[in-house]
Amino acid sequence: MDDKTRERTRELPVVEMQQEEYKAIQNQMAQVTQQLSIAQAIAVKEKARSEELSNLVNRMQADFDNYRKRVNENNKKLKEDGVCVVLEKLIPELDVLKQAIQSIPDERVAEGVKMIYRQILDILTAFGVEEIPALGMQFDPNLHNAVMNVKTTDPSKLNMVVEVFNKGYKLGDRILRHSVVKVAN
């Protein structure tokens, strides 16, 4: 046996070992590739689930914001309604005080009642209550309540308020009490 043959014979087991190692590495690579494919599929599935949950959270947040806005608007309206009910009950007391002022003979007592009258007017003003203009104005059924008519010969006074029996009041666009008036026809 010559040297070359001996050397080849020694190399044969080395080559066979390398081929076995190569096959083992290929098997490991195939397993890793399969595991990677599974991991990628799981990652895609989890990403979709994450997006779905994120969308759900966003929808829930929007629903909660809408709910909060509705509750705030409802509370504001309830508060305004409550204030209006109290003011509507307070306004007729102004008429009573005005009649009392006119019928009290003692000037000092009348002055005390006038002071109370002015304080109630100040309270109404503080809440934003305004008197509805009526005298000399064109009759408006949305603002005025006509309880009497009077004939007129002056065409410029036709359908005008000529006398106010009770003042009307409003809070913003909301009528608390219509003006009770006499209208010229």
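Just so it is clear, the structure is predicted and the values come from calculations on it, not from any experiment.
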Over all heavy atoms of both residues, which pair between L135 and V164 is shortest? Give the atoms and the distance, please.
N-CG2, 3.8 Å
Are any side-chain N or O atoms of H144 and backbone N or O atoms of P133, one a donor and one an acceptor, separated by less than 3.5 Å?
yes
Least distance between heavy atoms, K167 atom then R177 atom:
O-NH2, 2.7 Å
Side-chain donor-acceptor pair present, D65, Q61, cut-off under 3.5 Å
yes
Residues clustered with V44, ILVMFWY side-chain links under 4.5 angstrom
none
Quick one: salt bridge (charged side-chain N to carboxylate O under 4.0 Å, His left out) partners of K76, sequence neighbours excluded?
none
Joint cluster assignment, Y169 & V85, ILVMFWY side-chain distance < 4.5 Å
no
Could you grab the distance from atom NZ of K98 to atom CG of N166, nearest 0.5 Å is fine?
9.0 Å
I need the minimum non-hydrogen distance between L158 and Q138, along with the two atoms involved.
O-NE2, 3.6 Å
Supply the atom-to-atom distance K77 NZ to E73 CD, rounded to the nearest 0.5 angstrom.
11.5 Å
If you count every heavy atom of other residues, nucleotides or ligands that lies below 6.0 Å from E46 atom CD, does the total exceed 12?
yes
Under 4.5 Å between side-chain heavy atoms, hopping through other hydrophobics if needed: is there a path connecting Y117 to I120?
yes
Before accepting this row, confirm whether a basic side-chain N of the pair E111/R118 lies closer than 4.0 Å to the acidic partner's carboxylate O.
yes
Counting only heavy atoms not in R49, do more than 12 fall under 6.0 Å of its CZ?
no
Is it the case that more than 12 heavy atoms not belonging to Q26 sit under 6.0 Å from its CD atom?
yes
State the NZ-CG distance between K170 and L143, to the nearest 0.5 angstrom.
6.5 Å
Side chains of L90 and L94 in contact at under 4.5 Å (non-hydrogen atoms)
no
Which atom pair, heavy atoms only, marks the closest approach of L176 to L87?
CD1-CB, 4.1 Å
Approximate separation, where rounding is to 0.5 Å, of K23 NZ and E21 CD
12.5 Å
Hey, does the side chain of H178 reach the backbone of G168 with a donor-acceptor pair shorter than 3.5 angstrom?
no
Looking at CD of E93 and CD1 of I116, how far apart are the two atoms once the value is rounded to the nearest 0.5 Å?
11.5 Å
So if you build clusters from Ile, Leu, Val, Met, Phe, Trp, Tyr with side-chain heavy-atom gaps below 4.5 Å, do M160 and M137 land together?
no
In this structure, are over 12 heavy atoms from other groups packed under 6.0 Å from F127 atom CZ?
no
Which heavy atom of V161 sits nearest to which heavy atom of F139, and what is that distance?
CG2-CA, 4.2 Å
Paired with F165, the side-chain contact (heavy atoms from CB on, under 4.5 Å) test is passed by just one of V181, V147, D95, namely V147
Min side-chain heavy-atom separation R59-L56 under 4.5 Å:
yes
For the CD1 atom of I91 and the CG atom of L121, what is their distance to the nearest 0.5 Å?
10.0 Å
Using modelled atom types only, decide if a donor and an acceptor are shared between the side chain of T33 and the backbone of M29 within a distance under 3.5 Å.
yes
Not counting sequence neighbours, which residues clear side-chain hydrogen bond (donor to acceptor under 3.5 Å, both in side chains) with D154? List them please.
S156
Taking L97 as the starting point, is it possible to reach I104 by hopping between hydrophobic residues whose side chains are less than 4.5 Å apart?
yes
In terms of heavy-atom contacts, I175 and N142 come closest through CG1-O, 3.8 Å
